[in-house]
Amino acid sequence: MFDKTYDAREIEPRIRNVWEDAGAFAAGAGASRDADAFCIVIPPPNVTGSLHMGHALNNTLQDVLVRYQRMRGKDVLWQPGTDHAGIATQMVVERQLAEAGEPSRREMGREAFLNRVWDWKAQSGGTIKAQLDRLGASCDWSRERFTMDDGLSDAVLTVFVRLHKQGLVYRDKRLVNWDPKLLTAISDLEVESKEVKGELVHFRYPLADATFDPADPSTFIVVATTRPETMLGDTAVAVHPEDPRYTDLIGKEVVLPLVGRRIPIVADAYSDPEKGSGAVKITPAHDFNDFEVGKRHKLPVINIFDEEAAVRLSSNDAFFDGIEREAVSNLVETLEGADRYAARKVVNALMDEGGFLEKVEANVHQVPYGDRSGVAIEPFLTDQWYVNAKRLSEPAIDAVREGRTRFVPDNWSKTYFDWMDNIQPWCVSRQLWWGHQIPAWYGPGDRIFVERNEEDARRAAEVHYGVTVTVAERAEALAAWERADDGSIVLYRDEDVLDTWFSSALWPFSTLGWPDRTPELRKYYPTSVLSTGFDIIFFWVARMMMMGLHFLNREPFETVYIHALVRDEKGAKMSKSKGNVVDPLDLMDAYGADALRFTLAALAVQGRDVKIAKARVQGYRNFATKLWNATRFADMNACRIDPRFAPSEAKTTLGRWILTEASQTAEKVADGIETYRFNDAAAALYRFTWNTFCDWYLELVKPILMGPDGDEKDEIRAVTALVIDDIVAMLHPFMPFITEELWAITAAQSNVPRETLLIHAAWPQERLIDEGTAAEINFVVDLIATVRSVRAETNVPASVEAPIVLIGSSATHEAFVVRHEAAIKRLARIGEITVDAVAPPNAAQAVVGEVVVCLPLAGIVDLDAERARLSKEVNRLEKELGKIDGRLSNPKFLDKADAATVDEQRQKREDVSGRLTKMRAALDRLEPIS
RNA sequence: GGGCGGUUAGCUCAGCUGGUUAGAGCGUCUGGUUUACACCCAGUAGGUCGGGAGUUCGAAUCUCUCACCGCCCACCA
């Protein structure tokens, strides 16, 4: 029944089935009808992803919260689900196609490709759930959602359409971050700037009314650039209005080399006299700042690239506007189709040839890269859909400012405010296929119909156009517009999809059934806690705040707990390329899910990275084994659960003491969890279980358990069983498997059936608080520890059962010794205990409280070692006494420190000086060195 | 450039609102056939709390400053 060894591999899958069969994770399971709600929505992992250490940490912490609150009687929902992860998933499938030598996405077409993605989802979508199960995450899987399932897609449509009708979603033509590899726009957040060693190229732009002479600076103006190839699209040169070097030139023109276009020199404060030459080329189509300058000066926008960032001039009307097509035919031919980096080389060479290249400097600068594709992103002028984030951000800022949503640790609210205060329009359209297709239909005359479905769009269009409307593919529709058929109109649907984070932003309410008014939505929204990493505060947290407040008028969560990043044991960020990824599944295989969970909780200190080391996990596996063995020991000693036992009426000091300690620990653990100080909670559990309960309580109690039957033994048995019950319960949120198992075993052994599984059992109540017992136990513990230490230091062999003589003991302490005599003898390996007035000669001596403990072992005690030990101790005490006296003789201290502190110091002085006197006397009693 | 965090024992880290002999785990070293556990027990060594200044009767803890490390945001033609 009770296996001798703890085997996580055997226990964990079995217990998992027990929970599953019982439906233990279901929303509200085990709670009373009127219980308060507690809800966490899981940060949805990528549907085709697998569990990494960050997931393991975050989901462990969420599970600790969820299991704790369940035991507190709350009606708990931990809402799970997965995210379709647009770009990531689409890329994976495209890579698979490429590797298998199959037709590419574009070759197979949208429908066939999407079928392939759904296949892949069907195939790998269960992985992450299985892995979370493995970890013990008690999510209500019966409510699992997926961002692209029907319900959530419906929420997405509803939100998009409503925002559009409210004017908060709009279509705009402006520069976006364009990913020339993925061929889609991406948001600001998906751009990472990287430091790149490049070149700063200085070009001479000839003045239009001078004859260009490379040797004569008065005939040209120098501009510097890190992107020489974009000069083909230059439409101005900007100088600072107050830069004395250039004031004369403002309003004049230069002739753009190679191209021959006449472009103006404009005055604009954007130009920084300190940088480069002080004059800057303006390319509105290829630089965000230049775009703004262009708007201010009404400059033409000449885009020289195609969507893959290759030069495209031949059919480029804007480029040929104002120049002779013939004059640039060579240039166009040379550059057509060259990618941006190749074009850069060519342009530099041509400029050099013409004498327009002044110099090239090495230059380190920041270049924006797509976080997914890893290629430099290109500012690109396109039509995209935007969300007016500024408007939505206002209530979201207020919610945090007014404390309706609280960040833990609080300093993250600053990060949140900084970003929210400067929020930019959110580009939500993506030129991808995998995702929520934008519900917008286009008709002739620049009309857009944003509706929940095709039928509604068609109807809206019919109202608008007053004729029959049909819907077709884009190409077909455009052709129809071209033909301008009479009497009917053809619409086509926007081919783009929404940013994945658009649907994620709805997660806290879409998963609860919104836009329907479901009972779950009423009960669980706003949710209690969101637990996530700081890296997605902007991507996700901020956007959920915005959407939640906008559509439900309530903030989506009360608390946002921001956990640390998991790093390897040296503190490096884990990455596949570095090969330092620690796989949580490996650790679970080796040590069990319980050990991994406890490790992560113990390391989850606020505001500090989590460095995971194998040795640590092993240590907590040992902890599980320790608990297992302690429970087994109790079992072997017939410590049975006794429902009639009333702990508050316990008679034995040991019983009252351990019940007090257990009660205090439960309080500490609860406090740690509730304040998100998981490490404190874990430490309190570890210390109590191992150091207090196993090392001291069980050892002190052994003589009783092995002694004669009677009231004392009965009580200790009942207490032991009860405290183990409490330990198992307190530990359950951290180590759910082993505790659920022990909960069942102890019940079976006691023949007292449990009313519920541990997962639904109540958090340990306060059994008893009797601080008075501490004095007795502490004295005994102190005595044993002191004797052990003295023995070891004076080289008394372990096998010797040394007698001890107590000198100067108070009646109280003498009574303590009598009461725990058997335990003291056993634990300190002592033979006879006697009380005397005078110390025996040549004994090792130590002070415990007011008592001098002597080990009279002439010939066995190493007297030289003893002398050294005593001197050292005397020394230490003298130093400490000096410090205390320094304080107490300082009138300012007596004057300013509060009375309690002064008293404390006085008390301490008394203790220390008492000890010191005794130690000195002890030293004197030793024979002088012969 | 703006912001946030870190620097405590060989290693990984606790130490909250100032008063402890500055702690834990791992590792080291010593001892252990104590009938729960060697994934164990007992004991031991090891730290001028990054440097400097200040506030205070009193600073690992508060303030300033410097150094180094890490991260986030925004930009340098």
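Per chain, numbering begins at 1; letters A, B, ... match sequence-line order.
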[N] pairs with, by Watson-Crick or G-U criteria that keep both distances under 3.5 Å:
N     : answer
B/C71 : B/G3
B/A24 : B/U12
B/G46 : none
B/U35 : none
B/U63 : B/A53

>> Using side-chain heavy atoms (C-beta onward) and a distance below 4.5 Å, is A/Phe688 in contact with A/Lys668?
In response: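 Contact flag for A/Phe688/A/Lys668 side chains = no.
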
Using the [atom1] atoms only, state how far [M] lies from [N], rounded to an integer number of Å.
N     : M     : atom1 : value
B/U63 : B/G10 : C1'   : 34 Å
B/G54 : B/G18 : C1'   : 15 Å
B/A45 : B/C26 : C1'   : 16 Å
B/A24 : B/A9  : P     : 14 Å
B/A60 : B/G50 : C1'   : 12 Å
B/U12 : B/C73 : C1'   : 30 Å
B/G70 : B/G52 : P     : 24 Å
B/G3  : B/A59 : C1'   : 27 Å

> Does a nitrogen or oxygen in the side chain of A/Lys908 sit under 4.0 Å from OP1 or OP2 of B/U21?
Replying inline: yes

>> Tell me whether the side-chain N/O atoms of A/Ser789 come closer than 4.0 Å to OP1 or OP2 in B/U44.
In response: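 It does, given that an N or O in the side chain of A/Ser789 lies less than 4.0 Å from OP1 or OP2 of B/U44.
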
Thinking salt bridges, do [X] and [Y] make one under a 4.0 Å N-O criterion?
X        : Y        : value
A/Glu361 : A/Lys359 : yes
A/Glu880 : A/Arg876 : yes
A/Glu866 : A/Arg869 : yes

Just list the side-chain donor-acceptor pairs under 3.5 Å for residues 222-236 of chain A, sequence neighbours left out, or say none.
unit_1   : atom_1 : unit_2   : atom_2 : d
A/Thr225 : OG1    : A/Arg227 : N      : 2.8
A/Arg227 : NE     : A/Glu229 : OE2    : 3.1
A/Arg227 : NH1    : A/Glu378 : OE2    : 2.5
A/Arg227 : NH2    : A/Glu229 : OE2    : 2.8
A/Arg227 : NH2    : A/Glu378 : OE1    : 3.3
A/Arg227 : NH2    : A/Glu378 : OE2    : 3.2
A/Glu229 : OE1    : A/Arg344 : NE     : 2.9
A/Glu229 : OE2    : A/Arg344 : NH2    : 3.0
A/Thr230 : OG1    : A/Arg227 : O      : 2.8
A/Thr230 : OG1    : A/Lys281 : NZ     : 2.7
A/Asp234 : OD1    : A/Lys281 : NZ     : 3.0
A/Asp234 : OD1    : A/Thr283 : OG1    : 2.6
A/Asp234 : OD2    : A/Tyr205 : OH     : 2.6
A/Thr235 : OG1    : A/Pro300 : O      : 3.1

> How does each nucleotide of nucleotides 28-38 of chain B score, in 5' to 3' order, for protein heavy atoms under 4.0 Å: base (B), sugar-phosphate only (S), or none (-)?
Replying inline: --------BB-

>> What contact category does A/Thr225 fall into here, base, sugar-phosphate, or nothing, at under 4.0 angstrom with non-hydrogen atoms?
In response: sugar-phosphate

>> Can you work out whether A/Asn890 or A/Leu189 has the more 5'-proximal nearest nucleotide on RNA chain B?
In response: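 Mapping each residue to its closest nucleotide by heavy atoms, the 5'-most match is A/Asn890.
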
With under 30° as parallel and over 60° as perpendicular, where do the rings of [X] and [Y] fit, or are they tilted in between?
X        : Y        : answer
A/Phe598 : A/Phe623 : tilted
A/Phe693 : A/Tyr697 : parallel
A/Phe2   : A/Trp628 : perpendicular

> Can you list, by residue number, the residues of residues 279-287 of chain A that have a non-hydrogen atom closer than 4.0 angstrom to RNA chain B?
Replying inline: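 The answer is A/Val280.
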
> Considering only side-chain heavy atoms of A/Arg616, which listed nucleotide, B/U21, B/A42, B/U12, is closest?
Replying inline: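 Nucleotide nearest to A/Arg616's side chain: B/U12.
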
> Rounding to a whole Å, what distance do you find between A/Phe598:CZ and B/C39:P?
Replying inline: 20 Å

> Expressed in angstrom and rounded to an integer, what is the separation of A/Gln618 atom CD from B/U12 atom P?
Replying inline: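 After rounding, the gap between these two atoms is 18 Å.
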
>> Show the nearest heavy-atom pair for residues A/Asp421 and A/Ile397, with the distance to one decimal.
In response: OD1-CD1, 3.4 Å

> Has A/Lys614 got its NZ or CZ under 6.0 Å from the middle of the six-membered ring of A/Tyr591, at an angle within 45 degrees of the ring axis?
Replying inline: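 Judged by the rule, A/Lys614 and A/Tyr591 form no cation-pi pair.
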
> Looking at B/C39, does its base get a donor-acceptor pair with the side chain of A/Arg621 below 3.5 Å?
Replying inline: yes

